[in-house]
Each structure stands twice: as C-alpha cells, then as structure tokens.
K.L.:
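Take this structure first; my questions come after.
Atom set for the values below is all heavy atoms of this structure, side chains included, hydrogens, waters and symmetry mates excluded. Quick caveat: nothing in here was measured; it's all calculated off a predicted structure.
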Amino acid sequence: MGRLGFDGVLDYRADNFADQLLAMLPYGPDVYFDNVGGKLSQVVMGQMRRPGRIVECGQIATYNDPDTAWKVDISPIHANGLRFDGFSVALFLHRAAEARTKLRGWVEGGQLDPLEHELRGLEQLPGAIAGLFSGSNTGKLIVTIE
C-alpha cells in the first residue's frame, strides 16, 4: 500500500477504531509496539490474542494528563495471556555504534528508506511542533534554520 508497503492502515483517531482493528485483524494482533498509551492501547490490548506481546516504549497520550499518566489497566494483559515488556533505547546504548553501522549499510544498500519531512526557516518551528501531534509529517521531521 503506497510507498511504505503496508497491507492496510487504521485511523487511530476515529470513533470506530476498535471496529477497524477487528475488521483488519479478526483474530487479534500478535504484537503491539506501544508508543501511545491511554485509551488506544487499552483497545489494542483488549483485542490481542494469546500469546501476544506488548512492547511498551512510551505513553505520549498520557504525558500531560496527571490523572492517567503511565497508568495501564492490566486486565487485558491477564485475561488474554499477554506478555508486557518495557523498551527504552537507553537500555541498548552500549550497542549504538553497531546499530549505526548496520543502519548505514541498510540505507546504502536500499533495504531501508529513511523518510524525512524537512521544513526551512525558524518561522516553521511552531507549526512543525504542532504537526508532530497532528500527524502532518511522515518520517523524521527536520526544521532547518537558514
């Protein structure tokens, strides 16, 4: 599907996200790499199948919400027999040089296409920051100050 090669896409902001997920994956997801947290993550975890795996890397949906920040309802993890693992790039800093070498090779060999969305000028910065939260960019967002 398009440049990124996905089989399909979901609109996580849509009111019918749970229905979209069920239609795309009627038996449930096997793996969920979670950067979002909050309600979205609860919907995904509730539909996951055993022995699914959740890799938790962030909770951006809850960062500014003192009432729910970093709180996870573990009932779907328990009920569905899921595995929940925390991930932070900081755990792998000792392998950073190795990672850079491999990534560079993949880019140079055409196996990895690093997508970048570049804006030019300091005046673009406020819109760029807002765009990070609205999904207006694809890939790494770069603001070049000239």
K.L.:
By ring-ring contact (aromatic ring centres under 6.0 Å, His included), which residues pair with Phe92, not counting sequence neighbours?
P.N.:
Phe87
K.L.:
Would you be so kind as to tabulate the donor-acceptor pairs closer than 3.5 Å made by side chains of residues 45-52, with sequence neighbours excluded?
P.N.:
{"unit_1": "Gln47", "atom_1": "OE1", "unit_2": "Leu22", "atom_2": "N", "d": "3.3"}
{"unit_1": "Gln47", "atom_1": "NE2", "unit_2": "Ala18", "atom_2": "O", "d": "3.0"}
{"unit_1": "Arg49", "atom_1": "NE", "unit_2": "Gly28", "atom_2": "O", "d": "3.3"}
{"unit_1": "Arg49", "atom_1": "NE", "unit_2": "Asp30", "atom_2": "OD1", "d": "2.8"}
{"unit_1": "Arg49", "atom_1": "NH2", "unit_2": "Asp30", "atom_2": "OD1", "d": "3.3"}
{"unit_1": "Arg49", "atom_1": "NH2", "unit_2": "Asp30", "atom_2": "OD2", "d": "3.0"}

K.L.:
Kindly give the cluster partners of Leu93, where membership spreads through any ILVMFWY side chain lying under 4.5 Å from a current member.
P.N.:
none
K.L.:
Please answer whether the main-chain N or O of Gly58 pairs with a side-chain N or O of Glu56 as donor and acceptor at a distance below 3.5 Å.
P.N.:
yes
K.L.:
Taking only residues at least two apart or on different chains, which pairs with a member in residues 10-21 satisfy salt bridge (charged side-chain N to carboxylate O under 4.0 Å, His left out)?
P.N.:
none
K.L.:
Who pairs with Leu141 by side chain to side chain contact (heavy atoms under 4.5 Å, CB included), at least two apart in sequence or on another chain?
P.N.:
His117, Leu119, Ala128, Leu132, Asn137
K.L.:
Can you list the residues that meet the side chain to side chain donor-acceptor pair (under 3.5 Å) rule with Gln20, with sequence neighbours excluded?
P.N.:
Asn16
K.L.:
In this structure, are over 12 heavy atoms from other groups packed under 6.0 Å from His94 atom NE2?
P.N.:
yes
K.L.:
Does any N or O in the side chain of Asn80 come within less than 3.5 Å of the main-chain N or O of Leu82, such that one atom is a donor and the other an acceptor?
P.N.:
no
K.L.:
For Ser136, check side chain to side chain donor-acceptor pair (under 3.5 Å) against everything at least two apart and list the hits.
P.N.:
none
K.L.:
Is Leu122 reachable from Ile142 through a run of I, L, V, M, F, W or Y residues, each pair having side-chain heavy atoms under 4.5 Å apart?
P.N.:
no
K.L.:
For the pair Ile54 and Ile77, evaluate side chain to side chain contact (heavy atoms under 4.5 Å, CB included) and give the outcome as yes or no after the intermediate values.
P.N.:
CA-CA 9 Å; Ile54 302 154; Ile77 296 169; 3.9 Å; yes
K.L.:
Scan the side chains in residues 96-104 for donor-acceptor partners under 3.5 Å anywhere in the protein, sequence neighbours excluded, and list what turns up.
P.N.:
{"unit_1": "Glu98", "atom_1": "OE1", "unit_2": "Arg95", "atom_2": "NE", "d": "3.0"}
{"unit_1": "Glu98", "atom_1": "OE1", "unit_2": "Arg95", "atom_2": "NH2", "d": "3.3"}
{"unit_1": "Glu98", "atom_1": "OE2", "unit_2": "Arg95", "atom_2": "NH2", "d": "2.9"}
{"unit_1": "Thr101", "atom_1": "OG1", "unit_2": "Ala97", "atom_2": "O", "d": "3.1"}

K.L.:
One pair to check against side chain to side chain contact (heavy atoms under 4.5 Å, CB included): Ile60 and Asn35. What are the steps and the verdict?
P.N.:
CA-CA 7 Å; Ile60 196 165; Asn35 274 317; 5.7 Å; no
K.L.:
Which other residues belong to the hydrophobic cluster containing Val89, where Ile, Leu, Val, Met, Phe, Trp and Tyr are joined when side-chain heavy atoms lie under 4.5 Å apart, directly or via other members?
P.N.:
none
K.L.:
I'd like to check the side chain to side chain contact (heavy atoms under 4.5 Å, CB included) partners of Leu91; sequence neighbours left out, ordered by chain and number.
P.N.:
Ser88
K.L.:
Going by salt bridge (charged side-chain N to carboxylate O under 4.0 Å, His left out), name the pairs with one or both residues in residues 110-136, residues two or more places apart or in two chains.
P.N.:
Arg3-Asp113, Glu118-Arg120, Arg120-Glu146
K.L.:
Enumerate the salt bridge (charged side-chain N to carboxylate O under 4.0 Å, His left out) contacts for residues 77-88, please, sequence neighbours excluded, ordered by first and then second residue.
P.N.:
Arg53-Asp85, Arg83-Asp85
K.L.:
Taking the side chain as every heavy atom from C-beta outward, state whether Leu10 and Leu21 have any pair of such atoms under 4.5 Å apart.
P.N.:
yes
K.L.:
Is there a continuous path of hydrophobic side-chain contacts, each under 4.5 Å between heavy atoms, that joins Met24 to Tyr12?
P.N.:
yes
K.L.:
So, for Val143 and Gly121, which heavy atoms are closest and what is the spacing to 0.1 Å?
P.N.:
CG1-O, 3.6 Å
K.L.:
Under 4.5 Å between side-chain heavy atoms, counting indirect links through other Ile/Leu/Val/Met/Phe/Trp/Tyr residues: same cluster for Val31 and Phe6 or not?
P.N.:
no
K.L.:
Do you know the tightest heavy-atom contact between Asp73 and Pro76?
P.N.:
O-CD, 3.2 Å
K.L.:
Determine, step by step, whether Tyr32 and Leu40 satisfy the side chain to side chain contact (heavy atoms under 4.5 Å, CB included) criterion, reporting the C-alpha distance in whole Å, the side-chain angles of both residues, the deciding distance to 0.1 Å, and the verdict.
P.N.:
CA-CA 11 Å; Tyr32 176 44; Leu40 176 76; 4.0 Å; yes
